[in-house]
Each structure stands twice: as C-alpha cells, then as structure tokens.
Peer 1: 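The structure under discussion is supplied below as structure tokens; questions concerning it will follow.
Chain naming here is simple, since letters A, B, ... match the order of the sequence lines and numbering starts at 1 in each.
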Number of protein chains: 2
Amino acid sequence: MKSAHIPRATIQRLAVYVQVLETLLQEGDSVISSDGLARACGVNPSQIRKDLAYFGEFGVRGVGYYVQDLLTAIKQSLGIDRTWNVALVGVGNLGRALLRHGIFRRRGFILVGAFDCDPFKIGEEVAGLEVVCSRRLKEKVSELEIEIGIITTPPERAQRAANYLIEAGVRGIVNFAPARISVPENVAVEYVDFMHHIFSVAFNISINQSKGLS
Amino acid sequence: MKSAHIPRATIQRLAVYVQVLETLLQEGDSVISSDGLARACGVNPSQIRKDLAYFGEFGVRGVGYYVQDLLTAIKQSLGIDRTWNVALVGVGNLGRALLRHGIFRRRGFILVGAFDCDPFKIGEEVAGLEVVCSRRLKEKVSELEIEIGIITTPPERAQRAANYLIEAGVRGIVNFAPARISVPENVAVEYVDFMHHIFSVAFNISINQSKGLS
DNA sequence: TACTGTGAACCGCTTCACAGCC
DNA sequence: GGCTGTGAAGCGGTTCACAGTA
C-alpha cells in the first residue's frame, strides 16, 4: 500500500470495481481503460485512477488496465485474496437465507458457525450447519478460527450478540439488525440496513414528484 | 422543506435518527438534546442540528427536541408518514426471507406482489402472496398501485427485472442483486450489497492487523 | 441557564488538467 | 496517439463558535 489513510468511499467503490471487473472477465474482456470502467460503474474516470493510486500503479499508460491483473491487485489490496471464517448469530428468516446463500462462500467468506439463543432452534440443521447456543460462541470461535461475525438477530438482541462475538475475539462485525451497537475501537463494524435504503428511495420519489408538480 | 438540495449523507442519517428516536420513545424518553441524540447515533451534535435545519426548526432552545414531535417531523420530511406498496422480483432464499420479514410492513412498506420467472415458482404461495410471472408486472403494478420495486434475482437477471419494473411504471428500485443496473433518471435506485460491507470489514481487519504489527 | 439555529471556517473527497510513459 | 498517474483547484459536507431564544 502506498498511502496511509484511505477514504471510506474509496473502499466501497473498490468493491464495485471488483463486481464489474468479474463480469468483464466472464465476458472475455482482457483490457479496460479507466474511462470504460468508469462508465460501467457510474463514476468519474479520475476517481478510479485516484482510488487505485492509493494502493499502487496497476495500469499501463496508453493501454489501460489488464482486467485479470487489476482484479487480483484490488482483491489483494482489500484483503479478500484469502478466505475468512464467519459466524452468523440469529437464525431467523434472514439468517437462514444468508446461510443458504452461495455468494458468501463464492467470495471467500465461509459461514462455519450458526448461533441462536432460542432452545427450539438449537440443534436444528441449516445449510449443513448445526445451530449452536450463542453462549458457546467463545469456545466455537477459537475452535473454528472465526474472525468475522454476522448479526441477524432482532434489534433488541443485537447488542448482546455483539457482546458475545467481541468477547469471543471476533475482529469485525456485519450487523443486519436495525439497531446501533457499541463496540471497542479495534473491532470493525458495518451496518446493512435495508430500511435505510428503502427510506431513501421513498424520499427521492417524493422529491421527484414535488419537482414534477412545480 | 426549507432547502433545495439535501446531501445524500443527511438522508441516511435521518434514517438512523428515526431508528434511535423510536427506541427512545419505547423507553419512555420524551425530550432529547442534539447532544444526547448525537451520542446515541455516533455523530457530531452540530451535524444533527444542520441535518434537521434542511427541513425546518423542530427544536426548542434551552430544552431540546420533543421525541414524538421530532420523529413525526422527520418521517414527514422523508415521505414515510404514509404507506407504500412494494413489489418484490425474484423469489429465491433472500426474496422469501424479505417477504416473510415483518419489518417492511411495520415501517409502512407493504409487499403486495411477488414475482419470478421460474415456472416452478409461479403459483406458489409465500407469506400469503401468490408468486406471479414477472411478465405480468405491468398489469399488476397498476392494479395494485405499486410504486417501489425490490430486486432479489441473481445478478445476471437484475437488469431484466429492472426493465420490467420500469416499464410497469415503478418510481423507485431497491436492488439486492450484486450487479449495477441502468435506469432512467427519474427512477430512484438504491443498492443493498452486503458483500460490499463484508469486504469493508475484511479490509479494516487487515488494516488494523498491519497497524498492530508495526 | 441551557440548548437550538446558523454563518463562517475547515477539511477531505472529487474533478480537472496535464505531465509522464508505453 | 492514447491512456495512466498526480499535483492543484474546486466543491460539498462537517465542525466550530456564537448569536438567538425559551
């Protein structure tokens, strides 16, 4: 890495670039310019060049970027050129869907543990995993070498789930529960809250409509 | 509304404020200061005051904000003081989980139609809804007065789902499929991509680790 | 007194423009 | 010639500091 601090927005865009580059690769494209990639991602071409410059020089002047090489470089930069073991806490509708969803494994995030505090769910098998009591997280996290936790509990149990995960030594958490959680500084947290997105859509529709009326 | 342009980031934070204010209300708090709310949301107090100032003056100097009033005001500002009819396209694991998830209805987003192009799924009943062929979206959208579409198809079918929705006259789309889609300017799009979030967590863990070693 | 509302300062991300290189 | 890499300019969002008010 070349630069010390990297904007949060850059990381998000890098994830988009990975998505688009993988599609390009499937379609057989081997070279792409920052212009072409920018159009596919809906961003400014300089933006892409700047984002990449935080990590190194991956392009060839006068040519562009070799898709495969760039993909490898970005994945390396993001730390996703390896596999990560992941625990999921909260085996409800959403939790089940994620456990069964192939995308995590395909991208190197392997769901190796499913946890819930409901005695009726404990022992049940979901997507080849036995649901284990949340209290046993600590023991399981070290046994299974888990580094990331996913929270899919109801909001009121999100903080407790987080506490179990942190106590167990997890280094990062993706929280799908619609609740803020507090964690120590050295634990990375990301919120996935689809209500926020649907609110945003509703707001923009309202705005567009009032614009149309004026 | 007082201001013309509102930052995207402000809208996202307003959604967080709604979340936190509803929790406060349940806990019986009737007044909160920008300081208190800021701490609960993990943002700067001035930020909150600025965000609210885009829409009006909702506070009382020397006192703070009345929780119920503020909540009502924000919901009105966001356009979520009403119900919205929503169509879901793609009845896979994730689609089913969302159809069964109570949170949408609780927040005024009513899933009134479920669509899929798989003949084996058409006619099936999920969460009280009959799965209908995606081709019939246009007819159903006007019949059921649907304004928002949710896409939960595999990535390669996301654009087609979007096309059906747009053609049917939907005004906004929430795309859960890991693929960019192109839509006309007057259609609002939001991406919910949990891989981006888990990438971000992985990156931050990697960063923290390399910091620890230095 | 205590807290909001807001103009001004600040900061950081984005975009531009062009030098550097294949 | 064409495209990347990058310093500098531009812009928009965040934070500050304080005036305004219950």
Peer 1: Using a 3.5 Å cut-off and no angle test, enumerate the donor-acceptor pairs between side-chain atoms of residues 56-63 of chain B and protein atoms at least two apart in sequence or in another chain.
Peer 2:
none

Peer 1: So, are B:Glu22 and B:Arg106 salt-bridged, with charged N and O less than 4.0 Å apart?
Peer 2: no
Peer 1: Who passes side-chain hydrogen bond (donor to acceptor under 3.5 Å, both in side chains) against B:Lys140, sequence neighbours left out?
Peer 2: none
Peer 1: Let me know the distance between CZ of B:Phe55 and P of C:dT6, rounded to the nearest Å.
Peer 2: 14 Å
Peer 1: Atom CG of B:Leu52 to atom P of D:dT15: distance rounded to whole Å?
Peer 2: 15 Å
Peer 1: Starting from the C-alpha separation in whole Å, work towards a yes-or-no answer on salt bridge (Lys or Arg N to Asp or Glu O under 4.0 Å) for B:Glu143 and B:Lys138.
Peer 2: CA-CA 9 Å; B:Glu143 182 191 324; B:Lys138 191 162 190 176; over 6 Å; no
Peer 1: For residues 80-94 of chain B, which residue pairs qualify under side-chain hydrogen bond (donor to acceptor under 3.5 Å, both in side chains), counting only residues two or more places apart or in two chains?
Peer 2: B:Arg82-B:Glu147
Peer 1: May I have the distance from B:Leu14 (atom CG) to D:dG13 (atom P), rounded to whole angstrom?
Peer 2: 13 Å
Peer 1: What pairs of donor and acceptor atoms, side-chain ones from residues 164-179 of chain A against any protein atom, are under 3.5 angstrom apart with sequence neighbours left out?
Peer 2:
from     : atom 1 : to       : atom 2 : distance (Å)
A:Tyr164 : OH     : A:Arg135 : NH1    : 3.3
A:Asn175 : OD1    : A:Ala177 : N      : 2.9
A:Asn175 : ND2    : A:Ala179 : O      : 2.9

Peer 1: Is there a donor-acceptor contact under 3.5 Å linking the side chains of A:Ser33 and A:Asp35?
Peer 2: no
Peer 1: Is the number of heavy atoms from other residues, nucleotides or ligands under 6.0 Å of B:Phe55 CZ greater than 12?
Peer 2: yes
Peer 1: Going by heavy atoms closer than 4.0 Å, what residues in residues 15-41 of chain B are next to DNA chain D?
Peer 2: none
Peer 1: In the 5'-to-3' direction, what one-character label does each nucleotide of nucleotides 12-22 of chain C receive under the scheme B = base within less than 4.0 Å of a protein heavy atom, S = sugar-phosphate only, - = no such atom?
Peer 2: -SSBBB--BBB
